[in-house]
Amino acid sequence: MNKNDLFTEKNYRILQLADEITHVINDWKSKLNKIYTMSSGTLVNSEVGLATDDMYNETLVSVNENIKSIINTINSFETFLCNGKEIKQFNINNTLQNIISSHTSTYKKHDITIETNYSTTNYIYGYENELSQIFLYILSSLTNILKNKTESKFLIINTQRNKNKTIISIKSTNITIDEIPFDISLEISKKIIEEYYKGEMKIANKKFKFKGKSVYGIEFCIHLNNIKELKKG
């Protein structure tokens with residue numbers, strides 16, 4: 001790579017970061033405004049003796065959800081900023097299963113069933129922590145929607161190899177694309193997959209077979225290339 005190429009690459013990266021920072025600021029403003037509006041409204045009602053237990057509870061739930069979303073945004077943005085992490089070989093199946101195992105209590109609490117179908121061997125060279133954050137974000141987003149449903153609460157996770165690509169499919173019954181929050185974390189996740197792995201992430205409503213029946217839901221389909229092979233090329 002010559003100096004001109006390097007200069008172009010650095011400028012492109014700076015423009016990307018500037019764009020993401022703008023999105024992050026807007027995202028935080030929106031969520032902080034929600035927190036301020038809810039908390040100040042509850043405070044005023046409390047001062048005049050009109051606040052109820054339900055009002056306090058609703059305010060705390062809203063504040064908690066928005067703070068959690070801000071933390072997720074910070075984690076996603078930190079992931080996007082990190083260029084110098086070590087590339088290593090890891091098993092995608094194990095990475096996904098570790099996330100599922102660590103959130104078993106949440107799935108049980110909301111009666112969400114997880115179905116997995118992993119390919120026998122699925123090793124990839126890349127940044128395991130970054131992909132873990134992306135998988136966790138997707139599963140958390142779907143769980144937050146499913147927990148408010150009354151029936152058909154399933155998450156179906158499949159992995160497979162297709163030539164040099166690793167394909168991860170995360171499906172959910174009883175959810176449509178209109179219910180998915182297209183926020184900054186999702187945008188950053190998509191850019192990480194496209195930029196680092198030269199892959200793609202597609203989200204679409206999907207009709208698929210599940211337990212012998214034709215069901216309708218949503219699918220996150222992620223295609224990944226080995227970073228080690230891309231570096232060699």
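Residues take their numbers from the sequence shown, with the count starting at 1. Given the structure is predicted, the values throughout are model-derived calculations rather than measurements.
Using modelled atom types, one side-chain atom of K153 and one backbone atom of H110 make a donor-acceptor pair closer than 3.5 Å. At distances below 3.5 Å, not a single donor-acceptor pair connects side-chain atoms of N174 with backbone N or O atoms of L146. With hydrogens and angles ignored, the 3.5 Å screen pairs no side-chain donor or acceptor of N122 with any backbone N or O of T166. Using a distance-only test at 3.5 Å, with no hydrogens or angles considered, a donor-acceptor pair links the side chain of T159 to the main chain of S119. Using modelled atom types, one side-chain atom of T104 and one backbone atom of S101 make a donor-acceptor pair closer than 3.5 Å.
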Test log, rule side chain to side chain contact (heavy atoms under 4.5 Å, CB included), inputs I157 and F135: CA-CA 11 Å; I157 303 171; F135 297 149; over 6 Å; no
Worked check of side chain to side chain contact (heavy atoms under 4.5 Å, CB included) between L96 and T116: CA-CA 10 Å; L96 284 162; T116 59; over 6 Å; no
Chi angles and distances behind the salt bridge (Lys or Arg N to Asp or Glu O under 4.0 Å) call for E115, K211: CA-CA 10 Å; E115 300 278 346; K211 294 187 177 296; 3.2 Å; yes
T173 vs Y216, side chain to side chain contact (heavy atoms under 4.5 Å, CB included): CA-CA, chis, key distance, verdict: CA-CA 6 Å; T173 59; Y216 193 75; over 6 Å; no
Criterion side chain to side chain contact (heavy atoms under 4.5 Å, CB included) on K213 and K209, from CA distance to verdict: CA-CA 5 Å; K213 297 180 179 179; K209 289 285 185 181; over 6 Å; no
K190 vs E195, salt bridge (Lys or Arg N to Asp or Glu O under 4.0 Å): CA-CA, chis, key distance, verdict: CA-CA 9 Å; K190 190 171 183 293; E195 184 175 327; over 6 Å; no
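V61 and I67 end up in different hydrophobic clusters when Ile, Leu, Val, Met, Phe, Trp and Tyr side chains are linked at under 4.5 Å. With hydrophobic clusters built from ILVMFWY side chains whose heavy atoms lie under 4.5 angstrom apart, V63 does not share a cluster with Y36.
Within the 4.5 Å cutoff, the side chain of S214 has heavy atoms near those of the K207 side chain. Two residues are said to be in side-chain contact when any heavy atoms from C-beta on lie closer than 4.5 Å; I177 and F182 meet this criterion. Contact check for L131 versus I222: no side-chain heavy atoms found under the 4.5 Å cut-off. Looking at L224 and I168, their side chains come closer than 4.5 Å, going by heavy atoms from C-beta outward.
Pairs of residues two or more places apart, or lying in two chains, that qualify as side chain to side chain donor-acceptor pair (under 3.5 Å) and include a residue from residues 44-58 are S46-Y56.
Taking both residues in full, the closest heavy atoms of L50 and M55 are given as O-CE, 4.0 Å, listed atom of the first, atom of the second, then distance. Taking every heavy atom of both residues into account, I100 and Y107 meet most closely at O-CE1, 3.7 Å. When all heavy atoms of Y127 and Y197 are compared, the pair lying nearest together is N-OH, 2.9 Å.
Put simply, OG1 on T113 and NZ on K108 are 11.0 Å apart, with the number rounded to the nearest 0.5 Å. Between atom CD1 of residue I92 and atom CD1 of residue I167 there is a gap of 12.0 Å, rounded to the nearest 0.5 Å. To the nearest 0.5 Å, atoms CE (M38) and OG (S62) are separated by 4.5 Å. Rounded to the nearest 0.5 Å, atoms OH (Y137) and CG (L186) are 4.5 Å apart. Rounded to the nearest 0.5 Å, atoms CG (L136) and CD1 (I99) are 5.5 Å apart. The OG atom of S169 sits 8.0 Å away from atom CD of Q160, with the distance rounded to the nearest 0.5 Å.
The closest side-chain donor-acceptor pair between S132 and N129, if any, does not fall under 3.5 angstrom. In this structure, a donor-acceptor pair under 3.5 Å is present between the side chains of Y118 and Q97. In the model, T176 has no side-chain atom that pairs as donor or acceptor with a side-chain atom of N205 under 3.5 Å.
Remark: K206 NZ is loosely packed, at most 12 non-hydrogen atoms of other residues, nucleotides or ligands lying under 6.0 Å away. Remark: K165 NZ is packed, more than 12 non-hydrogen atoms of other residues, nucleotides or ligands lying under 6.0 Å away. Counted within 6.0 Å of NZ on K202, heavy atoms from surrounding residues, nucleotides or ligands total 12 or fewer; the atom is thus considered open.
Residue I156 belongs to a hydrophobic cluster whose other members are F154, F208, F210, V215, with links defined by side-chain heavy atoms closer than 4.5 Å.
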